[in-house]
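Worksheet: one structure, shown below.
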2 protein chains.
Amino acid sequence: MLGNHRSSLTRLAAGLMLLAGFAQGAAADEGMWLLNSPPKDLLRSKYGFEPSAQWLEHVQKSAVRFSTGGSGSLVSKHGLVLTNHHVGSDMIAKLSTKERDLLTTGFYASTFEQELKCPDLELNILWTIEDVTDRVNAAAGASMAPAEANTARQKAIAQISEEAQQKTGLLPEVVALYQGGKYHLYCYKSYTDVRLVMAPEQQIAFFGGDTDNFEYPRFNLDCSFFRIYEDGKPLQNEHALTWASGSKEGDLALVIGHPGKTNRLNTVAHLEFLRDVDLPMRLENMWRSEIKYQTFCGRSAEAFRIGKDELHGIANGRKALSGMLAGLLDPENMARKAAGEKALRDFVAADADHQKQWGDAWDKIANAEKAREPWALRYRLLNTGLSSDLYHKAREIVRLVVELPKPNADRLREYRDTSLESVYTSLYSPAPIYDALELFKTESSISQLAEAFGADDAAVRIALSGLSPREQAERLVLGCTLKDPEARRKLVESGKEAVWASKDPMIQLAIRMDPEAREIRRKFEDEVEAIERDGYAKIARAKFAMQGETTYPDATFTLRLAFGPIVGYQEEGRPVAPYSTFGGLYERFRDRTGEPGFELPERWIKGEGKLDPKTPFNFVCGADVIGGNSGSPAVNTKGELIGLIFDGNIHSLPGAFIYDGAVNRSVAVDARAIMSVLRNLYDAGRLADEIMGR
Amino acid sequence: MLGNHRSSLTRLAAGLMLLAGFAQGAAADEGMWLLNSPPKDLLRSKYGFEPSAQWLEHVQKSAVRFSTGGSGSLVSKHGLVLTNHHVGSDMIAKLSTKERDLLTTGFYASTFEQELKCPDLELNILWTIEDVTDRVNAAAGASMAPAEANTARQKAIAQISEEAQQKTGLLPEVVALYQGGKYHLYCYKSYTDVRLVMAPEQQIAFFGGDTDNFEYPRFNLDCSFFRIYEDGKPLQNEHALTWASGSKEGDLALVIGHPGKTNRLNTVAHLEFLRDVDLPMRLENMWRSEIKYQTFCGRSAEAFRIGKDELHGIANGRKALSGMLAGLLDPENMARKAAGEKALRDFVAADADHQKQWGDAWDKIANAEKAREPWALRYRLLNTGLSSDLYHKAREIVRLVVELPKPNADRLREYRDTSLESVYTSLYSPAPIYDALELFKTESSISQLAEAFGADDAAVRIALSGLSPREQAERLVLGCTLKDPEARRKLVESGKEAVWASKDPMIQLAIRMDPEAREIRRKFEDEVEAIERDGYAKIARAKFAMQGETTYPDATFTLRLAFGPIVGYQEEGRPVAPYSTFGGLYERFRDRTGEPGFELPERWIKGEGKLDPKTPFNFVCGADVIGGNSGSPAVNTKGELIGLIFDGNIHSLPGAFIYDGAVNRSVAVDARAIMSVLRNLYDAGRLADEIMGR
């Protein structure tokens, strides 16, 4: 599965497309385009399609962003939202109990009253877009050093956001596009009363498990339904996607969603940092976490229930990062990157003025990436902190009481007024916190610090406090008072002095660990982020000068339009057909019976006769997607929903930094399959009727 | 499971017991004693048992060492050897085919003719022991630097071994005990015609999987039977253990086996190196390998068949190392170590002569461990080489043709005349080599080098040869001619010039990678091994001066006697009883039905009624064991076999460097359980009768 943006792909540095023309002759289409700057010429010339302003507004206002890192879409006028099961699974897990494991059994609310309120989910719908590039850049004087300029721009952004919120009442977000080549102000309608309507069993949502993940053909019902409520009632929304009657091979699919991060602009030196340092480091962490979670989940049925959703997320991220690393270790990819970079640098060097303005960007970025190698692991582990939920809540409290009294623009950016509702939604969530899981995560992440830096390291000594990782975890978790949301709220409201005087062991640990965490974050922002921002803005301007402003920016977990035909591809010399069917599902089930990941829910085994084996189940299309696009609607030129994106194939993984249209495909659940099983297997007639507008 | 010595624990530096008296008041007994220097006073005073010279000779000559890293024992006068399933599983896997998966189905030969010849197993039986300390030490002049002295001792050892082989026709091995405090010459009877007689299904041998591994109570039939042949006929051996009629709580159990490596002598600085650098590095490798093998095994039923034995080995090693690391991260353990070290250093410092002779040992070792930190990973990965079998065979060929023409004492130690039979047994093994597994291992280990050192590193560039890891693996494996044992033999016999001219891509890669591998090995031997050998010999002498020569040396994968009563222990405040039963197995099976690792073979499900639920299945005893002891017989004071050691409990894992008799227990299959299932479930009357001497 594509994976939630935040869990697997969020921290990869972003970039900009350098590769126009590389997909020549390919069936698929590169690009994650801005909704306010779609590639109209290309769509017209290649597909004879001209999206109108109304068409664009309709799909934009039907698209939904999930705070947990995925995408979705409104599919009825009563706030009904369709997304992937794996985007909703975090909430489905939080709504489960020992007696009611919704991931295993699935869930369906046959009335509004039965819909289950999510503890901490925020959905956003993009409402307006405004270019604020000039105002942001004006804040940074030409004589400022990069770190100073970065801070000045951040303050301007805080100011712009604050004003927008006051003026519109919407949730503002200033997005750096083209790595700082442009700044756009996005304003969202934001909703936090969201309820679970329907989810199938995880086993059919993720049929084939890790083995089939990112492969094709697939047979997955990776969908779930939520509903937005406003003032305690279902949202009455103007825009919602109509369910299409079907699609066929060759049809154009348009994907409206929120791709998380791509790094296609990255310089070669920056890619080498990812290849040689960053990705190996992240993979090490994932291998470790996956084995540790497997061990935890093996302890008992209850441990499996409370740990499996995170285990799935880790395994998915591990497979995604492995594919990206394999792409970076392919010298052909790096040669293409080097050729693109050389062409641009030659263009810049050919003009003395260009060279003076932008010529130093590449070396400065290279130096910054090189300089951070020795502290990259330290930054990652300390900036993240212990992996337990209670530690994160403690650190949030410790930081809030320090940041809130500061002027808005001086705060760490996540504590500015415009972000506080999100912070509180998460911090005061009533979602269950399990001692067993917390003990495991706390022990594991304290041990990880010791493994990384040695038991005598200053930060590790703080984390261990003279105990073994296990003893320290017991002290911290069993003595922690923060399991109660009200206790967390009271501490935040009590202010810094009271928090500092608290006897809670997790609060005290967060207080002691925070200084170095803040220091190394500051170091990262000044010595890496500021240099990258400065350098990539120059590279973007050079790019605009060479090619014009006709390209798309790297993904930023904001709304984009991708598109391409429903078409197969060649793999190891064999053609891969674009559609799979229900019949294919049962065939694969019988081929792999008894193997892990290939179980089918009883409902599906017993219900085989109720399904037409020829019904299309999943399909691939040539739209360019990445993690964060999970749950995106695929629509036809009429704006009708034909599919639900849930994955990319294995060749889409290097798409984080390089695009290969010959084989890169996104994978969707066919809308017809969803409708068929709602009616035939899940007795969800109410839901099907609502979707069909009956 | 304790694990094969070589696969999981072999490379930990060795040490010597510093902790006499720490097990005071504990139920269990510390120590892995030399057979020619057993703790007679302790056995008499605590257990009223005085092993006679005959008793010791009988158990010594009934004990068997497996070249694959485990222990075993002769249990009939016709060469029948009992060991663990997990010690034999490597051979059981090699004897399996796509059509005949002996790990899954189990195996039983009801006639001699049906016994299956192992492709590359060597069994050794210790025949004589001689102290050669003075002769080895005389070779190293007092004025020599450590590296020079180390080389001189190695040459003396080669000379002693060569003479012994010529004189006795036995297989000689000079063992450094007490880290060089003593040198003993061991001579073995060695056998390479070994055949599989009986193995149960892996699922009952490893029931409970990773979850129950190293835990207690256990319910495992972790046994298998092999037979030694000589001149094509079953061995007629004088010594063999008699099967006991039973045992009971409180009985003394004596374990005769080959513990692999312990590090109980290690200085605190050396333990800190293990804790902060070495174990984290090994664990990273294991987490990575385990996930990679899981992925490979998930591809298909056949991939699972050919990969699962190695996967099991990795998972087992990972759990063992995790327990060791947890022990080192327990500050109480380190405080005990520091106190022991201080007492010894104070004793040395109190006497000017002692101080002059031995006083510098601790700091020199500390400096050597510190200095190796930056190249520890490089040493590990390059010294090991790519993980594929074909690469290892290629490197063996490349090294053999360089080393064989040299004088015996000048060769790398594993190519000296006395070791060549083992080298050839392995190199010319007809065991199957699977392209799919080789491709996977080759790609994975090339990628691992790139992850560790970056794609532009000199060694990595050689490994990649300008291709992606996957392309390079395909070139190396699919183009490799070494799958045929005869091709390997011909290359070795053709000599260096012909090997260097070979067009085999794996041979050419081994030629190109070997110089740095040899260089870093030499660096390790000169800058670490030589310093450790010199320093620990001093520390051992200081120890003898303080306490007398009454202690046991650290484990060296040579024959030892351990002992302790059959007795339970306390865990999290609850008593753990020493015996489990068949009834307990079925109870646990029903509790965990459907969970991975808890499947039971059909034979056991259907055969429940044929077994007495009260029959003891596994038991724990207080004998001090470690990896390598797997398959050791546990005997009573009459020398009769009462159990088969297959594991230690979770508290035995820090036993690699510190012993805690209150909770450290070894785990055995009860001899009665084996006899019961041979007759009642496996229709193995022939085998049972042979064991009972009928």
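Chain letters run A, B, ... following the sequence lines, proteins first and then strands; every chain starts at 1.
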Starting at [atom1] of [X], measure out to [atom2] of [Y] and round the result to the nearest 0.5 Å.
X: Glu595(A); Y: Arg299(B); atom1: CD; atom2: CZ; answer: 13.5 Å
X: Ile291(B); Y: Met286(A); atom1: CD1; atom2: CE; answer: 11.0 Å
X: Glu290(A); Y: Trp287(B); atom1: CD; atom2: CH2; answer: 13.0 Å
X: Asn285(B); Y: Glu284(A); atom1: CG; atom2: CD; answer: 10.0 Å

Fill in: Members of residues 443-450 of chain B whose heavy atoms come closer than 4.5 Å to chain A
Ser447(B), Ala450(B)
Fill in: Neighbourhood of chain A inside residues 465-475 of chain B, taking heavy atoms under 4.5 Å as contact
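Within residues 465-475 of chain B, the residues that come under 4.5 Å of chain A (heavy atoms only) are Gly466(B), Leu467(B), Ser468(B), Pro469(B), Arg470(B), Glu471(B).
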Worksheet, complete the sentence: If you tally heavy-atom pairs under 4.5 Å between each of Ala301(A), Gly209(A), Ser300(A), Gly597(A) and chain B, the highest tally belongs to Ser300(A)
Worksheet item: Any chance CD of Glu571(A) has more than 12 other-residue heavy atoms, nucleotides or ligands included, within less than 6.0 Å?
Response: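 Above 12, so yes.
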Item to complete: Give a yes or no on this: more than 12 heavy atoms of other residues, nucleotides or ligands lie within 6.0 Å of atom CZ of Arg461(A).
Response: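 Atom CZ in Arg461(A) is not crowded, with 12 or fewer foreign heavy atoms closer than 6.0 Å.
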Item to complete: Pick whichever of Val277(B), Leu283(B), Asp456(B) has the most heavy-atom pairs under 4.5 Å with chain A.
Response: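 Highest number of heavy-atom pairs under 4.5 Å: Asp456(B).
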Worksheet entry | Winner by heavy-atom pair count (cut-off under 4.5 Å) against chain A, out of Asp210(B), Asp591(B), Asp276(B) | Asp276(B)
Worksheet item: With a 4.5 angstrom heavy-atom cut-off, which part of Glu215(B) approaches chain A: side chain, backbone, both or neither?
Response: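 Looking at Glu215(B), nothing touches chain A.
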Practice prompt. Under 4.5 Å heavy-atom distance to chain A, tell me which part of Lys292(B) shows up: side chain, backbone, both or neither.
Written response: side chain
Discussion item. What I want to check is whether the side chains of Gln294(A) and Gln294(B) have a donor and an acceptor closer together than 3.5 Å.
Written reply: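 A donor-acceptor contact under 3.5 Å links the two side chains.
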Fill in: Pairing residues for Arg590(A) by the side-chain hydrogen bond (donor to acceptor under 3.5 Å, both in side chains) criterion, not counting sequence neighbours
Glu608(A)
Side chains of residues 324-335 of chain A: which donor-acceptor pairs under 3.5 Å do they make with residues two or more places apart or in other chains?
residue   : atom : partner   : partner atom : Å
Asp330(A) : OD1  : Glu332(A) : N            : 2.9
Asn333(A) : ND2  : Gly327(A) : O            : 2.9

Worksheet item: Between Glu451(B) and Pro280(A), what is the shortest heavy-atom contact and its length?
Response: O-CB, 3.6 Å
Worksheet item: What part of Asp457(A) lies closer than 4.5 angstrom to a heavy atom of chain B: side chain, backbone, both or neither?
Response: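 Neither part.
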